[in-house]
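Read the structure below first, then the notes.
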Amino acid sequence: MSTQRTALAPSRRSPVSILLAAFSITVLAILFAPIVVIVVVSFSPGDIMEFPPQGFSLRWYEAYVSNPMWMTATRISFLVATLTAILSLVLGFMVSVALVRSSFPGKNAVRIFLMSPLIIPKIIIAVGLYFLYVRMRILGTTFGLVAAHTLIAMPYVVMIISAALYSFDRRLEWAARGLGASPLSALRHVTFPMLRPAIISAALFAFIASFDDIILSLFLTKLTAPTLPRQIWVNVQQIIDPTIAAVSTLMTLISVLGLWLVALIQKISSRG
């Protein structure tokens, strides 16, 4: 009887677990507090950024939509991020297949080199690309920025697709080849459908990595054709109004939506 009571009694948490939980909650609160403040300030009806706001208004979202400067920066950011996602996905897929299914000298060195943008500070990459682009005369071009963003997005694509390829059952491809399918047909009708969740997730990560970047954009874009993060930086230096909070809120929403889609895709694929 006493054994049953002991089993049914709720287990007491140790002081260490309580302290760890309190520390985790504190860290999360510190990280989320600035985001909450920005979101609240973006609905302020006043002419200056104040917290808490004295009311509720969509005035600054309307100012963002009606401002040609902000709209131009938004179009450039979406264009660059979309091209980056496509280019990094194509290159990343080919590289992942080579790393997973091939054996060649220096394979680990190539893998380390591809992952290095995650380790090297972006400011170093930006400065190096700046001097390189000056010599190549592509500084301030869309191609140059897409190439730079592809450099920092490739590691995410390679990691995600390589992980999917390692768990992929190649016997499905062999079966398709045995039934008369060509290598390209097997890739199109067997490999791609099986890897679709990983491909979509990799593309979303590449898009977010490009869309949120500011360091490379500061060094490699022209002031007359800035990305959205650079335009926020310029406005912060010139005049601070709640429009910046509204734009930051929309950018945060896009990033959160992208990460939510990645989690949703992974959940659906795990069920399937």
Side-chain angles (χ1 to χ4, degrees), residues 5-44 49-53 56 77 81 84-85 88 92 111-112 114-126 149 152-164 166-167 197-217 228-229 232-233 236 240 242 244-272:
R5 289 180 179 177
T6 304
L8 295 176
S11 60
R12 294 182 179 180
R13 292 186 176 181
S14 64
V16 176
S17 63
I18 295 176
L19 183 62
L20 181 60
F23 176 76
S24 301
I25 293 173
T26 302
V27 171
L28 288 175
I30 293 174
L31 292 175
F32 278 103
I35 299 176
V36 173
V37 170
I38 289 296
V39 173
V40 173
V41 169
S42 68
F43 296 101
S44 172
M49 298 180 68
E50 54 181 350
F51 184 84
F56 178 87
S77 286
T84 298
S88 60
R111 193 189 303 274
I112 294 172
L114 290 172
M115 296 296 112
S116 61
L118 296 177
I119 304 172
I120 302 174
K122 278 189 181 181
I123 186 68
I124 297 179
I125 299 176
H149 282 180
I152 63 173
M154 277 275 289
Y156 301 104
V157 175
V158 172
M159 282 192 298
I160 294 173
I161 296 183
S162 294
Y166 276 119
S167 60
I199 292 173
I200 297 175
S201 299
L204 288 172
F205 267 104
F207 183 92
I208 295 172
S210 172
F211 192 78
D212 288 344
D213 172 72
I214 183 173
I215 298 178
L216 295 178
S217 299
L228 203 52
I232 294 176
W233 176 268
V236 167
I240 300 179
I244 299 173
V247 177
S248 301
T249 300
L250 292 175
M251 290 188 63
T252 303
L253 180 62
I254 292 172
S255 299
V256 171
L257 180 61
L259 295 176
W260 176 78
L261 287 175
V262 170
L264 181 63
I265 292 169
Q266 292 176 348
K267 184 176 181 180
I268 294 174
S269 63
S270 63
R271 287 180 178 178

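Index from 1, following the sequence.
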Drop me the distance from [X]'s [atom1] to [Y]'s [atom2], to the nearest 0.5 angstrom.
X: Ile208; Y: Ile254; atom1: CD1; atom2: CD1; answer: 9.5 Å
X: Met159; Y: Leu118; atom1: CE; atom2: CG; answer: 5.0 Å
X: Ile215; Y: Trp233; atom1: CD1; atom2: CH2; answer: 9.5 Å
X: Ile25; Y: Leu20; atom1: CD1; atom2: CG; answer: 10.0 Å
X: Leu253; Y: Ile35; atom1: CG; atom2: CD1; answer: 11.5 Å
X: Asp213; Y: Ile152; atom1: CG; atom2: CD1; answer: 4.5 Å

Using every non-hydrogen atom in the two residues, find where [X] and [Y] come nearest and quote the distance to one decimal.
X: Leu216; Y: Lys122; result: CD2-O, 4.2 Å
X: Ile161; Y: Ala202; result: CG1-CB, 4.2 Å
X: Ala153; Y: Thr84; result: CB-CG2, 4.1 Å
X: Ser248; Y: Ile232; result: OG-CD1, 4.0 Å
X: Arg111; Y: Tyr166; result: NH2-OH, 3.5 Å
X: Met154; Y: Gly92; result: SD-N, 3.5 Å

Should we say atom OH of Tyr156 is surrounded by more than 12 heavy atoms from elsewhere, each under 6.0 Å from it?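 No - once you tally the heavy atoms of other residues, nucleotides and ligands closer than 6.0 Å, there are 12 at most.
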
Does the pair Leu204 and Ile200 meet the rule for a side-chain contact (heavy atoms from CB on, under 4.5 Å), with working shown? CA-CA 6 Å; Leu204 288 172; Ile200 297 175; 4.2 Å; yes

Just so I know, are the side chains of [X] and [Y] near enough to count as touching, which here means a heavy-atom distance under 4.5 Å?
X: Val158; Y: Met115; result: yes
X: Leu257; Y: Trp260; result: yes
X: Val27; Y: Leu31; result: yes
X: His149; Y: Ser217; result: yes

With no hydrogens and no angle check, is any side-chain donor or acceptor of Ser210 less than 3.5 Å from a backbone partner on Phe207?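 Not confirmed, Ser210 side chain does not pair with Phe207 backbone.
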
Check: Ser88 side chain, Ala85 main-chain N or O, donor-acceptor pair, under 3.5 Å: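 Here the side-chain-to-backbone pair exists.
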
